[in-house]
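Chain letters run A, B, ... following the sequence lines, proteins first, then strands; residues in each count from 1.
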Protein chains: 2
Amino acid sequence: MRAQDMPAVRNLPLFAGVQDDSFEELVSAALFQHFPPQVRLIHEGDSADFLYILVEGSVELFACNDGRETSMAIIEPTSAFILAAVLSDAVCLMSARTLTPSRLLMIPAEHIKRHFAEDKMFAVAIATELSKAYRQLVKMHKEAKLRPATERLANYLLRLAASHGEASSFTLPADKRTIAALLSMTPENLSRSFGALNAHGVRIQGPVVHIDKPDALIAFAKPNPLIDDPEIGLSSR
Amino acid sequence: MRAQDMPAVRNLPLFAGVQDDSFEELVSAALFQHFPPQVRLIHEGDSADFLYILVEGSVELFACNDGRETSMAIIEPTSAFILAAVLSDAVCLMSARTLTPSRLLMIPAEHIKRHFAEDKMFAVAIATELSKAYRQLVKMHKEAKLRPATERLANYLLRLAASHGEASSFTLPADKRTIAALLSMTPENLSRSFGALNAHGVRIQGPVVHIDKPDALIAFAKPNPLIDDPEIGLSSR
DNA sequence: ACTCTCTCTTGATATTTATCAAGCAATTGG
DNA sequence: CCAATTGCTTGATAAATATCAAGAGAGAGT
């Protein structure tokens, strides 16, 4: 692991209250690995042997049932994942694969669980993270149940813009096919929905989105803080 | 609060590791209230002032957006709710209302947060509960994204049967209209889906479901442990 | 017993979303 | 440079789901 990557990991809310020596212990037990794109890191149903921390690149969480597959989240640095599975000592409910070349810190589950049981500050930080992760998932589920497809896309674009400092242009965090799955639509319908958003000030150039008329898009999307506001400080799944 | 209700609350996994005196402190600060059916307990967007514990009756968690409303969960005793909002010191993402006459213990959020910060065992128990709640929600979201409506219903019936000790008959936990919203369908389509399940050994008599041919229903539903298995010990939302 | 109300069901229709089938553009590999 | 592949788009069609409109049945109140 590169020295310059260290601060980002150390500064995760997850490790906020833990002592330096405890943190050192966790990191020294960890593996640090590079992966090319499209590498399957986790197979759903497997036991959760590591807490993964994405240091660079991007990772997709996805899930399958009866021949279908859908995307559950796109993860960007610096962010931990399968925290809940590690703590529950349970099998993973989601699979994970790299989308781009990625570097990951993998902390053995046993170490996480031991520190969790022994270190009050760590337990508090984990509970705080999990409560935010839970709330984020509630928001996702509300969106899925309460919005039609094109509105989901419109609000997703607004959230992306917000996460890029309200930039009027930004690049999609994954292939359109992956974005489509994330938004519970087919690639065909994503394409058509992008077309429909043209009338509301959105322009697409390959992987880059231009929001030419933010007000028009907002008027169409009707964003709702109880769905669209991010959980501040959330960096775990 | 009735003396006979105490053990069920005390035995919640949430309080498993807390000392008796701490538990007494929490309970003595709490309100205990009866509510008739259809009473709004929580409005989404309001701050989370209490951790609610349902002692008797049933409560629906639901959410609204842009004139639509959907059901997020049906809660039965003994179970705590809005734990995540209380810990995050944030507004509620879901509303709550009683479905039947209900009795609830309401523990002020401040007390929960103080004990959480001070009592390691409580923090550990909360994190453990939240990780299970998170995983339960992942399962719900997977189901919503990966299964068509009638299959969702079929698996829901199998889960209800399992929770009733694999009983071949049981009563639905809420009005069909609420069940429909929970399964992301209209009442009309729920009705038609029940009709479709007739061919797979399901018989409906008002609010009671008979599973006459469990094997046929299972063959149709194709249950998946990574969606349908309950998180054991989960009693919080 | 009798409305009245409410919930659920059923049928007809509309809308939304998915699937299938080309086709096009960009990229990759020879 | 030229296939060949890949990712996306577009159009036509099919399937799933929602909406609208009655109507039937059960329970509540008079």
Side-chain angles (χ1 to χ4, degrees), chain A residues 36-38 58 60 65-71 74 97 99-101 143-154 156-157 171-199 202-210 220, chain B residues 36-38 60 65-71 74 97 99-101 143-157 171-199 202-210 220:
Chain A
Q38 299 300 329
S58 56
E60 179 192 10
N65 183 245
D66 192 28
R68 291 160 170 268
E69 177 182 315
T70 194
S71 198
I74 295 167
R97 68 183 150 223
L99 292 174
T100 59
E143 169 154 79
K145 292 187 78 164
L146 290 167
R147 281 180 174 151
T150 306
E151 222 168 285
R152 289 198 298 274
L153 175 60
Y156 178 62
L157 296 182
T171 302
L172 291 171
D175 287 351
K176 286 179 184 167
R177 142 177 62 135
T178 306
I179 305 288
L182 187 66
L183 296 173
S184 298
M185 43 208 294
T186 57
E188 292 93 328
N189 279 329
L190 177 67
S191 211
R192 285 184 254 267
S193 284
F194 272 131
L197 291 185
N198 230 318
V202 174
R203 195 160 33 88
I204 305 299
Q205 286 184 328
V208 9
V209 177
H210 303 270
F220 172 79
Chain B
Q38 298 299 329
E60 179 191 9
N65 183 245
D66 192 30
R68 291 160 169 269
E69 175 183 316
T70 194
S71 198
I74 296 166
R97 69 182 151 224
L99 292 175
T100 58
E143 169 154 78
K145 292 186 77 164
L146 290 166
R147 282 183 174 149
T150 306
E151 219 169 293
R152 290 198 297 276
L153 175 60
N155 282 289
Y156 178 62
L157 296 182
T171 302
L172 291 170
D175 286 351
K176 285 179 184 166
R177 145 178 61 135
T178 306
I179 305 288
L182 186 67
L183 296 173
S184 297
M185 45 210 291
T186 57
E188 292 94 325
N189 279 329
L190 177 67
S191 210
R192 285 185 254 267
S193 283
F194 272 131
L197 291 186
N198 229 317
V202 174
R203 195 161 33 89
I204 305 298
Q205 286 185 328
V208 7
V209 177
H210 303 270
F220 173 79

Tell me, please, which residues at least two apart from A/Q38 pass side-chain hydrogen bond (donor to acceptor under 3.5 Å, both in side chains).
none
Estimated bend of the helix from C/dA1-D/dT30 to C/dG30-D/dC1 (axis per five terminal pairs, rounded to 10 degrees)
40°
Just jot down the ring-ring contact (aromatic ring centres under 6.0 Å, His included) partners of A/F220, sequence neighbours excluded, or say none.
A/H200
Do A/L146 and B/D66 come within less than 4.5 Å of each other through their side chains, counting heavy atoms only?
no
In terms of the nearest nucleotide of DNA chain C, which residue is placed more toward the 5' end: B/E188 or A/R68?
B/E188
Return all side-chain donor-acceptor pairs below 3.5 angstrom for residues 174-181 of chain B, not counting sequence neighbours, or 'none' if the list is empty.
| from | atom 1 | to | atom 2 | distance (Å) |
| --- | --- | --- | --- | --- |
| B/K176 | NZ | B/G206 | O | 2.9 |

Only counting residues at least two apart or in another chain, list the ones meeting side-chain contact (heavy atoms from CB on, under 4.5 Å) with B/R192.
B/E188, B/N189
Take the protein atom CG of A/L146 and the nucleotide atom C1' of D/dA18, then report the distance between them rounded to whole Å.
15 Å
Rounded to the Å, how far apart are A/L99 CG and D/dG7 P?
12 Å
Roughly how many Å is it from CZ in A/F194 to C1' in D/dT10, rounded to a whole number?
16 Å
In the 5' to 3' direction, the nucleotides of DNA chain C bounding the stretch that comes under 4.0 Å of a heavy atom in chain A are C/dT17 to C/dC20
Using a heavy-atom distance cut-off of less than 4.0 Å, which residues of residues 172-179 of chain A contact DNA chain D?
A/D175, A/K176, A/R177
Between P of D/dA15 and CD of B/E151, the distance in whole Å
17 Å
Rounded to whole angstrom units, what separation is found between the CG atom of A/L190 and the P atom of D/dT10?
12 Å
What is the distance from CG of B/N189 to C1' of D/dA16, rounded to the nearest Å?
8 Å
Only counting residues at least two apart or in another chain, list the ones meeting salt bridge (charged side-chain N to carboxylate O under 4.0 Å, His left out) with B/E69.
B/R97
Tell me which pairs pass salt bridge (charged side-chain N to carboxylate O under 4.0 Å, His left out) where either residue lies in residues 148-157 of chain B, with sequence neighbours left out.
B/E151-B/K222
By salt bridge (charged side-chain N to carboxylate O under 4.0 Å, His left out) - contacts of B/R203 (at least two apart)
B/D212
Please identify each residue that fulfils ring-ring contact (aromatic ring centres under 6.0 Å, His included) with B/F194, with sequence neighbours left out.
none
How would you list, by chain and number, every residue that makes a side-chain contact (heavy atoms from CB on, under 4.5 Å) with B/T100, sequence neighbours excluded?
B/S58, B/S102
Beyond-backbone contact of B/I204 with B/V209, side-chain heavy atoms, under 4.5 angstrom:
yes
